Amino acid sequence: MEQAAGCPAVGGSYPQKNAEILSSQYGINLFLAGLLLTFAWAVHAVGISKSHLLSYLITLMLIQLLWMLWYLCRSCTQRRLIRDKDTHAGARWLKCGITLFAVITLILDSFKIGYYIDFSNCLSPTEGIFPVTHAVHTILQVYFLWCHAKDVIQSFKTLERFGVIHSVFTNLLLWTNGVLTESKHQLNEHKERLITLGFGNITIVLDDHAPQCNCTTTTLCSIFSQGIYYLYPFNIEYHILASTMLYVLWKNIGRKVEHHQQNKTPFKFHGITVGMIFGLIVLTSTIAIVVVYLIQIGGSKIKSELALTMFYLHAIFVLALMCTAGIVALLIYRLEDRSLDNSKNPARKLDAELLVGTAAGSWLLSWGSILAIICAQGHPKYTWYNLPYSVLVIIEKYIQNLFIIESIHREQEKVNDDIKTLRIVTISRGTTLSLTPLYKEIYNGRATRDSGDVPCLFKGSICGRENDGAGVAKEETSQDNSLVMHSASDFSFYSRNSVTNNKRRILKNIAAFLFLCNLSLWIPPAFGCRPEYDNGLEEIVFGFEPWIIVVNLAMPFSIFYRMHSAASLFEVNCKT
């Protein structure tokens, strides 16, 4: 009987499981087709032009726009219905971050429209249609994520699975397109810099996709063409963040949500002054290093070597500080006895997987540099700094990943009623006595169980009021006994509470410091400060083209790792 009763439930899960498998395969094939088209354009394949790639991306965005409009309209008609929500998904700070990146992406689209207008005589119409479609897609998608990122979809589940997974891989393809375009620009600059470092034996062939006609307004064309590449890092982060939020939405389809109270964890600057100050120092110095690096690199051989040396020394110092901070945080965790939260949480699971997965990009580059230093026959002086830098990159990510993953899995401390205390000031014969019975005991009427009296707090009178005769002595005696009993327990409580607060303060400062350090380390590779390109030693050992392929594949993951780590550390700071 039990098996027969359970069969329909088990059988009913098969269609949804099949829908999940079919939708994921649809998304993967969608992505692979676009990836192959992107690769064909990048290598100048015969018969494949940029207009073909953009047409494919425009089609995907239009399909996603139609699905989002249908979903929004259906949600409006059913707005009175109570919907399940995943309180862990779509945090407000994450929505604010993606909105900031989206605004800069819209500026990028406006630059592309201006660039198309100036070169309209020799550019395909798709290059003008694409930024317009992308701008509309960006606006509607941000609105969709703000309103529905927490949704747990329970109706039209099969259709919604295909719609959401289509959106996920559309954003991944737009991210891939942005990464490729920005990488080609960086590669052209890198080839020109290698000449100044004395690597003349490397064949320099610029991969140029510039329009084959003159610009109508030279000044504006220069502003648009240069500005586009400085805005691409924000566009890249926008699409990868959107794809992760949509993936969590896809994983939540048909999920049974556990209804429990979710504590709000607002961000507070109080108590993290030290971490913020040191983090801001690192951020300011990093910006200065990047500016000097971009000015000096490629100017001459001496200037380029000094720029690389300066970058390595600064990065070694910052990474050493980050490793130390991470080790201190892990030691504090070892001293605490707090259980881990093992409940099902797609957002948290995805965060942990992305941290480890994207860290592999940096580890690949670091091991390549270490191997090049070991195997190279000649070593310019600045290349030796690359060895401790590469080793510290591996260690720092290892420690930081462990700290973040353990932090997001730790259960938050629950406020106990016994922690709440009520201080009663007793005035007796001009002397102030401090009594601190536990709030729970007062509430249960046990605060004065030794004396048998009701606490004066509930009598509505001042405890120090003089009484007649022996009543005064009796009251003083009971108060003295109560004072001794509570002072001993309160001293123990406050000492434990003080130690806990000190640990929390240290952890919050460490999280704030690491947050700003990760933002600082995101800036150099995102804006063209990439010693993996400019070092030159790896190209000699591995060959120019093989090493450039490795860098172009690994660098986007390395850049995303820093931004994702910063976002995770922000959440850790709020939860601590």
Side-chain angles (χ1 to χ4, degrees), residues 27 30-31 34 53-79 83 85 89-117 125-151 153 159-160 162-179 181-182 224 227-250 560 563 567:
L30 201 73
F31 179 73
L53 173 61
L54 295 181
S55 298
Y56 184 73
L57 295 175
I58 290 169
T59 303
L60 295 183
M61 285 190 289
L62 290 175
I63 294 173
Q64 184 185 344
L65 284 171
L66 291 174
W67 173 77
M68 287 191 295
L69 287 171
W70 178 81
Y71 187 90
L72 291 171
C73 291
R74 193 170 64 85
S75 298
C76 288
T77 59
Q78 300 176 352
R79 60 182 178 273
R83 295 175 176 271
K85 299 287 184 180
R92 185 174 294 274
W93 56 266
L94 186 59
K95 294 176 183 176
C96 292
I98 199 171
T99 302
L100 174 63
F101 291 137
V103 170
I104 301 175
T105 297
L106 291 175
I107 298 173
L108 172 64
D109 289 329
S110 65
F111 274 37
K112 287 184 177 180
I113 293 171
Y115 184 80
Y116 170 76
I117 292 172
T126 54
E127 297 198 40
I129 298 172
F130 176 79
V132 175
T133 308
H134 188 262
V136 176
H137 176 270
T138 300
I139 294 170
L140 188 60
Q141 182 168 259
V142 170
Y143 175 78
F144 175 84
L145 291 173
W146 264 96
C147 298
H148 300 287
K150 294 178 178 291
D151 286 3
I153 300 171
L159 177 62
E160 304 296 13
F162 280 88
V164 177
I165 205 68
H166 178 94
S167 303
V168 170
F169 283 102
T170 297
N171 278 276
L172 283 178
L173 277 175
L174 291 169
W175 170 76
T176 304
N177 180 62
V179 166
T181 306
E182 196 263 348
F224 289 147
I228 284 172
Y229 294 106
Y230 284 106
L231 298 177
Y232 258 116
F234 302 98
N235 172 64
I236 291 168
E237 295 301 329
Y238 160 72
H239 282 299
I240 198 67
L241 280 177
S243 62
T244 55
M245 292 177 72
L246 288 165
Y247 177 78
V248 172
L249 179 64
W250 180 74
F560 174 71
M563 185 57 69

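Just so it is clear, the structure is predicted and the values come from calculations on it, not from any experiment. No hydrogens, no waters, no symmetry mates; every other heavy atom, side chains included, goes into these values.
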Residues which pass side-chain hydrogen bond (donor to acceptor under 3.5 Å, both in side chains) with Tyr232, listed by chain and number, not counting sequence neighbours: Lys112
Minimum heavy-atom separation for Ala102 to Thr138, with atom names? CB-CG2, 3.7 Å
How would you list, by chain and number, every residue that makes a side-chain hydrogen bond (donor to acceptor under 3.5 Å, both in side chains) with Trp175, sequence neighbours excluded? none
Please find the pair of heavy atoms, one from Leu60 and one from His166, that lie closest to each other, and give the distance. O-NE2, 3.0 Å
Minimal non-hydrogen separation, Ser55 against Thr126, with atom names: OG-CG2, 3.5 Å
Kindly write out the residues that satisfy salt bridge (Lys or Arg N to Asp or Glu O under 4.0 Å) with Glu237, not counting sequence neighbours, or none if the list is empty. none
State, without any angle test, whether Glu182 and Asn235 hold a side-chain donor-acceptor pair at a distance under 3.5 Å. no
Name the orientation class of the two ring planes belonging to Phe31 and Phe169 (parallel below 30°, tilted from 30 to 60°, perpendicular beyond 60°). tilted
Does the side chain of Trp250 come under 3.5 Å of the side chain of Glu160 through a donor N or O and an acceptor N or O? no
Side chain to side chain contact (heavy atoms under 4.5 Å, CB included) with Ile117: which residues, sequence neighbours excluded? Ile113
With sequence neighbours left out, write down each residue that passes side-chain hydrogen bond (donor to acceptor under 3.5 Å, both in side chains) with Thr244, or none if nothing qualifies. none
Start with the C-alpha gap between His137 and Ile58, add the side-chain angles, then the distance that decides, and say whether side chain to side chain contact (heavy atoms under 4.5 Å, CB included) holds. CA-CA 10 Å; His137 176 270; Ile58 290 169; over 6 Å; no
So Phe130 and His134, would you call those rings parallel, tilted or perpendicular, with 30° and 60° as cut-offs? parallel
Who are the side-chain hydrogen bond (donor to acceptor under 3.5 Å, both in side chains) partners of Asn177, not counting sequence neighbours? none
Give me the atom names and distance for the closest heavy-atom approach of Ser243 to Leu172. OG-CD2, 3.8 Å
For atom OH of Tyr230, decide whether the heavy atoms of other residues, nucleotides or ligands shown that lie under 6.0 angstrom number more than 12. no
OG1 of Thr99 to CG of Leu145, rounded to nearest 0.5 Å, is 8.5 Å
Evaluate the ring planes of Phe234 and Phe101, with Trp represented by its six-membered ring, and classify them as parallel (under 30°), tilted (30 to 60°) or perpendicular (over 60°). tilted
